[in-house]
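Below, all heavy atoms of this structure are taken into account, side chains as well, without hydrogens, waters or symmetry copies. Bear in mind that the values here come from a model prediction, so they are computed numbers and not experimental data.
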Amino acid sequence: MGYLTLCVIFFKVGLFTIGGGLASLGLLNEYLVKPGFLNADMFYNMVAVSQSTPGPIGVNMATYIGFEYHGVPGAIAATFSLVLPSFIIITLIAYILSGFKDNRFLAAAFNGFRPAAIGIILSVAYMIVINSVLDLDVQLVWGQELLVKTVVCALTIILTMRFKLNPVLCIIIGGIVGGIFL
């Protein structure tokens, strides 16, 4: 993948993602995995690393993928391409819409964005569970690997929601358990 392709992909992702970094994963999958720039395993590994490092997942993914293809200049180019549309749009919105802040039609439109963004995030979450926990793309493994992945996933949900355990600690524990058992 050349610089121009890299920049165009991340510009499109930045332009069309509504709902935060997790919502961008569907577009990244569409633009990177389907055309063959990344295989599914590499994509899911990048998602895991990007999610577990500080910062927005979309920016982390752009930086990671840009670096993988073109080193530091590629990381800078991909990250800049991802955030440029948001910068332009927010600047325009702040300028143009300052007089429309109480418009009920605009408020209704933004209320419509929320469920769409949640749907995108849930579809990506489903895709990650199917491909990372259950390994359905390769084969359904009912042995120790599936059991360990399911237990780690369930314990992480319980520890973060019920006991308010720090998610970073859960990620570290999950990495240790995965390194030992998987």
Side-chain angles (χ1 to χ4, degrees), residues 1-97 110 113-114 116-133 135 137-138 149 152 156 160 166-179 182:
M1 170 179 2
Y3 276 104
L4 183 60
T5 303
L6 179 74
C7 290
V8 167
I9 286 172
F10 282 102
F11 187 85
K12 284 196 250 181
V13 170
L15 185 62
F16 296 115
T17 297
I18 296 174
L22 291 175
S24 72
L25 295 180
L27 285 175
L28 287 170
N29 182 55
E30 184 75 25
Y31 294 142
L32 296 170
V33 176
K34 287 188 178 179
F37 293 121
L38 298 174
N39 65 41
D41 286 339
M42 191 174 186
F43 179 75
Y44 296 122
N45 288 337
M46 287 181 166
V47 169
V49 170
S50 296
Q51 184 65 34
S52 62
T53 54
I57 189 170
V59 172
N60 292 347
M61 285 287 287
T63 306
Y64 192 164
I65 292 167
F67 184 81
E68 283 292 314
Y69 276 94
H70 298 290
V72 173
I76 293 169
T79 304
F80 180 77
S81 297
L82 180 76
V83 300
L84 182 61
S86 296
F87 177 78
I88 293 168
I89 290 168
I90 293 299
T91 303
L92 289 172
I93 287 174
Y95 179 74
I96 295 170
L97 295 182
F110 280 110
F113 289 147
R114 288 184 195 120
I118 290 169
I120 292 169
I121 291 169
L122 290 177
S123 71
V124 170
Y126 172 79
M127 179 179 65
I128 289 172
V129 167
I130 293 299
N131 290 297
S132 297
V133 176
D135 289 329
D137 276 354
V138 182
K149 287 178 179 181
V152 168
T156 301
T160 56
N166 188 322
V168 173
L169 186 57
C170 289
I171 291 169
I172 292 169
I173 293 169
I176 292 169
V177 170
L182 302 174

Would a distance-only check, ignoring hydrogens and angles, find a side-chain to backbone donor-acceptor pair under 3.5 Å from [X] to [Y]?
X   : Y   : answer
Y69 : Y64 : no
N60 : Q51 : no
T17 : G14 : no
N29 : L25 : no

If you compare all heavy atoms of A78 against all heavy atoms of G66, which two are closest, and at what distance to 0.1 Å? CB-CA, 4.0 Å
What closest approach, in Å, do H70 and G2 show between heavy atoms, and which atom pair accounts for it? NE2-C, 3.6 Å
With heavy-atom distances below 4.5 Å as the criterion, would you say the side chains of [X] and [Y] are in contact?
X   : Y   : value
L82 : F11 : no
F37 : E68 : no
M42 : N39 : yes
Y3  : P73 : yes
L38 : M46 : yes

Are there more than 12 heavy atoms of other residues, nucleotides or ligands under 6.0 Å from atom CZ of F67? no
Near Y31 OH, under 6.0 Å, is it more than 12 heavy atoms from other residues, nucleotides or ligands? yes
Just how far is it from atom [atom1] of [X] to atom [atom2] of [Y], taken to the nearest 0.5 Å?
X   : Y   : atom1 : atom2 : value
C7  : M1  : SG    : CE    : 10.5 Å
T79 : L84 : OG1   : CG    : 12.0 Å
L15 : S81 : CG    : OG    : 12.0 Å

Candidate pair I65 and F10, rule side-chain contact (heavy atoms from CB on, under 4.5 Å), full reasoning: CA-CA 10 Å; I65 292 167; F10 282 102; 3.9 Å; yes
